[in-house]
Amino acid sequence: MKQIILPNEAPFSPEQREWLNGYLSALLAPYDEGDKVPGIPVTIAWGSQTGISESLAKKFSKLAAKSGVAPTVVDLAKLDHSSLSDLERLIIITSTYGDGEAPDNAQAFYDYLHSDEAPSMEHLSYSVLSLGDSSYPDFCQCGIDFDKRLGELGAKPLIPRVDMDVEYDDDYASWSSDILALFGSVAADDESEEEAGVTKKNPYTALISNLYNLNDKESERETSHVEISLEGSGISYEAGDALGVYPVNDAELVESLISELGFDAEEAIGDKTLRAVLTENYEIRNITLPIVKAWAEKAGSDELKSLTEAEDRGPLNDYLWGREIIDLVKEYPIGFESVEDFIQLLKPLAARLYSIASSPKVHQDEVHLTVGVVKYESNGVARKGVCSTYFSERAEIASPRVFVHENKAFRPPVDPDAPMIMVGPGTGVAPFRAFLEEREATGAKGENWLFFGNPYEKLDFLYREQLEGLSEDGYLHKLSLAFSRDQDEKIYVQDRMIEEGEDLYQWLENNGHFYVCGDASRMAKDVDAALHKVIEEHGRMSSEEAVAYVNEMKSAKRYCRDVY
C-alpha cells in the first residue's frame with residue numbers, strides 16, 4: 001500500500017496529520033493498486049402480476065451493473081423484512097392491479113410495511129417506479145401507497161416517484177438515467193440488450209385463420225374463438241403466456257370524431273393523414289383522469305374541474321362510466337387551435353393482452369384466443385370494445401400486429417404429477433384450455449380439476465365439447481360448473497368451491513397447484529375469500545393460520561393468478 005503524505009503546510013496539527021495520512025492511505029489503497037472501484041450497492045425489489053415489473057427490474061439491474069452500480073434484484077415476496085433495517089438504498093418497481101391493489105407477490109410486503117411492526121427507515125434512501133394504466137381510476141395506486149408509507153417511516157426519496165402508463169418506454173429511460181446520475185454514473189447504452197425478432201416494439205403482422213362465436217346464437221353474450229396463424233413468423237410461446245395485439249379503431253367512430261371537432265381528415269400529420277393517425281396510433285375511446293383534467297382546463301369548465309378535484313371519486317366515476325372522448329367533445333366543446341393541440345391530449349393506442357388459449361405442442365404455428373366481445377349502450381349511444389370488435393366484426397380485413405408477452409409466473413405445474421386446480425369463469429377459461437392441452441400432450445399424470453361458470457349452460461358453456469370430451473376420457477378428473485342464472489338463486493364458481501371444500505382441501509394438501517384467471521375486481525376476490533374459508537373449515541385453522549397457509553402457497557408458486 002502506498003503511503004499518503006500530507007504536505008507540512010497543510011493546516012493540521014502533527015497528531016491530525018498522522019491520523020489523516022493513515023486514513024487516506026487505507027482509503028485510497030484499492031484505487032492506487034488498480035483494483036476496480038467497488039459499485040454502490042442498490043437493492044431492486046419488484047412486484048409484478050404479469051411479469052412486466054419483473055422484466056423491468058432485471059433490465060434496470062443489467063444497465064446499473066454496466067454503469068458501475070452493484071445491484072441486487074429481489075422478488076418482493078422474498079425480501080427479508082428484517083433486512084430493511086440494514087438497507088441503505090431500495091428501489092421498488094411495482095405494478096397495480098384490480099382496484100388499486102398490490103400484485104400477489106408484493107402483498108405480504110405491503111401488509112408488513114403498513115403494519116405497526118414496520119421499523120423506522122430514516123436510514124433508507126428509496127425510489128418507487130410505479131406501473132399502471134390511466135384508463136383505471138386507481139392508476140398506479142400500489143406505487144403511490146409504497147411511496148407514501150416509506151415517507152411516513154422516515155425514508156428519503158432519491159427522486160420523486162415516477163408513475164408510468166401503458167406505453168412507458170420514454171418514462172423508464174428518463175427515470176433510469178436520473179437514478180444512475182444520482183450515483184455518479186452515466187447510463188450505459190443498452191440498445192444491445194434489445195431482443196431480436198418479434199417484440200412489443202417490433203410486432204408481427206399476422207393473419208386470422210379462423211374465428212367463430214363460442215356462445216349460442218340466442219345468448220346475450222358473444223365470445224370469439226380466434227385462431228391466428230404464426231407460420232413463418234419465428235414466434236414461440238408457452239402455455240400461460242399472453243398475446244399482445246395492436247388493434248385499430250373503428251372507422252365510423254374516427255369519422256364521427258373528426259367531424260365533431262371540425263378537422264380535415266386528410267390533413268397531414270407527419271407522413272400520415274389525420275384519419276390514419278386516429279385510426280392506428282391513438283386511443284380515442286377511453287377517457288382517463290389526465291384527459292378530464294386537461295379538458296376541464298381548456299374548456300374552462302368548473303363542473304369538470306370539481307369532479308377531478310373532489311376527494312370522493314364516486315361522482316367522477318359515475319360521469320366517466322360509458323362515456324368516450326367524443327362525449328367530451330360534444331358536451332364541453334373546445335375551439336382547438338390546431339390538430340396537434342387535440343392530439344397531445346390522447347394516449348398512444350396500446351396493445352391489448354389476451355391469455356393464450358392454446359398449447360404450442362398441440363397447435364403448431366398458430367395461437368388461439370378467447371375474446372369476450374364488448375358491446376353496450378350508454379347515454380343512448382351504442383358502444384363497442386376496440387379490440388374485441390376488431391376481431392368479431394372485421395376479421396376478414398384485420399391483420400393484427402402481435403407479439404408474445406411472456407408470463408413465467410403463470411405456468412402449469414413443473415411437477416407432472418402435481419394436481420392442478422383451475423378457476424376460470426367466462427373468458428377466464430382461456431389459459432386453462434391451454435394448460436389441459438399441454439398436460440395431455442406431455443403425458444402429465446397429475447389430476448386436473450376445472451371450475452367454470454357463466455350465465456346459462458345451454459347458451460354460454462364455452463368449449464363445451466372439448467371440456468366434456470376431456471372429462472369423459474378421464475383426463476379432466478373433475479369439472480365443477482356454476483351457471484349462475486339457470487336457477488332462482490345465483491351460483492358462482494366460489495360457491496362450488498365451498499360446496500366441494502373437503503375435496504378441494506385434500507387436493508391442496510396433496511401438493512395441488514391453484515390457479516385463477518379472470519376478473520380481478522370481484523371474481524378473484526370472491527374466489528380468494530372462498531379459498532381461505534375452505535382452508536379454515538377443512539384444515540381446522542384460524543383465520544390467521546389460513547392466511548399463513550395461503551401465503552406459503554404463494555411463496556411456493558402454488559397459488560397463481562392471471563387477473564385483470
Side-chain angles (χ1 to χ4, degrees), residues 132-140 163-171 174 246-350 374-387 389-390:
D133 184 340
S134 62
S135 299
Y136 293 90
D138 295 302
F139 174 58
C140 287
D163 297 334
M164 303 198 306
D165 211 337
V166 177
E167 297 297 326
Y168 52 76
D169 290 339
D170 290 343
D171 287 335
S174 176
Y246 285 102
V248 297
N249 287 309
D250 178 66
E252 185 178 342
L253 177 60
V254 171
E255 296 299 332
S256 297
L257 184 60
I258 292 174
S259 176
E260 286 291 338
L261 288 164
F263 293 149
D264 178 3
E266 298 300 321
E267 181 175 342
I269 307 295
D271 59 353
K272 291 185 176 182
T273 64
L274 173 61
R275 177 186 291 111
V277 164
L278 294 183
T279 300
E280 301 169 4
N281 298 100
Y282 290 98
E283 299 275 2
I284 60 171
R285 289 190 180 276
N286 291 336
I287 309 175
T288 64
L289 181 59
I291 288 178
V292 179
K293 287 182 175 180
W295 206 278
E297 185 70 26
K298 286 182 175 293
S301 169
D302 292 336
E303 181 182 1
L304 282 180
K305 189 175 181 181
S306 65
L307 285 174
T308 63
E309 294 179 349
E311 289 188 16
D312 180 7
R313 288 291 179 87
L316 175 62
N317 292 339
D318 290 341
Y319 172 77
L320 292 179
W321 191 92
R323 278 185 168 84
E324 298 181 349
I325 289 175
I326 195 168
D327 296 299
L328 274 179
V329 173
K330 292 178 178 179
E331 295 169 12
Y332 301 94
I334 295 173
F336 288 102
E337 296 181 4
S338 66
V339 169
E340 288 79 5
D341 197 28
F342 168 68
I343 286 179
Q344 71 175 351
L345 299 178
L346 305 179
K347 289 175 55 178
L349 186 57
V374 178
K375 291 182 182 180
Y376 61 98
E377 184 176 302
S378 65
N379 299 316
V381 179
R383 316 285 188 174
K384 299 177 181 178
V386 177
C387 199
T389 56
Y390 176 53

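Atom set for the values below is all heavy atoms of this structure, side chains included, hydrogens, waters and symmetry mates excluded.
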Please check if the number of heavy atoms outside E340 that lie under 6.0 Å from its CD is greater than 12.
yes
Output, in order, the C-alpha distance, side-chain angles, deciding distance and verdict of side-chain contact (heavy atoms from CB on, under 4.5 Å) for L328 and L304.
CA-CA 10 Å; L328 274 179; L304 282 180; 4.1 Å; yes
Under 3.5 Å donor-acceptor, R285 side chain and K384 backbone:
yes
Give a yes or no on whether the backbone of A350 and the side-chain of E167 come within a donor-acceptor separation of less than 3.5 Å.
no
Less than 4.5 Å apart, any side-chain heavy atom of E280 and any of L349?
no
Side-chain touch V292/L320, heavy atoms, less than 4.5 angstrom:
yes
Going by the angle between their ring planes, with limits at 30° and 60°, are F342 and F263 parallel, tilted or perpendicular?
tilted
Within 6.0 Å of CD in E309, more than 12 heavy atoms from elsewhere:
yes
Determine the minimum heavy-atom distance between E324 and I287, stating which atoms define it.
O-CD1, 3.3 Å
Flag side-chain contact, heavy atom, 4.5 Å: W295 against S301
no
For a 4.5 angstrom cut-off between non-hydrogen side-chain atoms, does V277 reach Y282?
yes
Quick one about E331 and Y319 (side-chain donor to acceptor, distance below 3.5 Å, no hydrogens or angles considered), yes or no?
yes
Answer yes or no: is there a side-chain heavy-atom contact under 4.5 Å between L289 and R313?
yes
Decide yes or no for I269 and N281: does some side-chain heavy atom of the first lie under 4.5 Å from some side-chain heavy atom of the second?
no
Would you say T288 and K347 are linked by a side-chain donor-acceptor pair, where the criterion is simply a distance under 3.5 Å?
no
Taking side chain as C-beta onward, heavy atoms only, is F336 less than 4.5 Å from I343?
no
Shortest non-hydrogen separation from P247 to V386 and the atoms involved:
CG-CG1, 3.7 Å
Looking at Y136, I'd like to know if its OH atom is crowded, meaning that more than 12 non-hydrogen atoms belonging to other residues, nucleotides or ligands lie closer than 6.0 Å.
no
Tell me, yes or no, whether the heavy-atom count around E255 atom CD, taken from other residues, nucleotides or ligands under 6.0 Å, exceeds 12.
yes
Beyond-backbone contact of I258 with L278, side-chain heavy atoms, under 4.5 angstrom:
yes
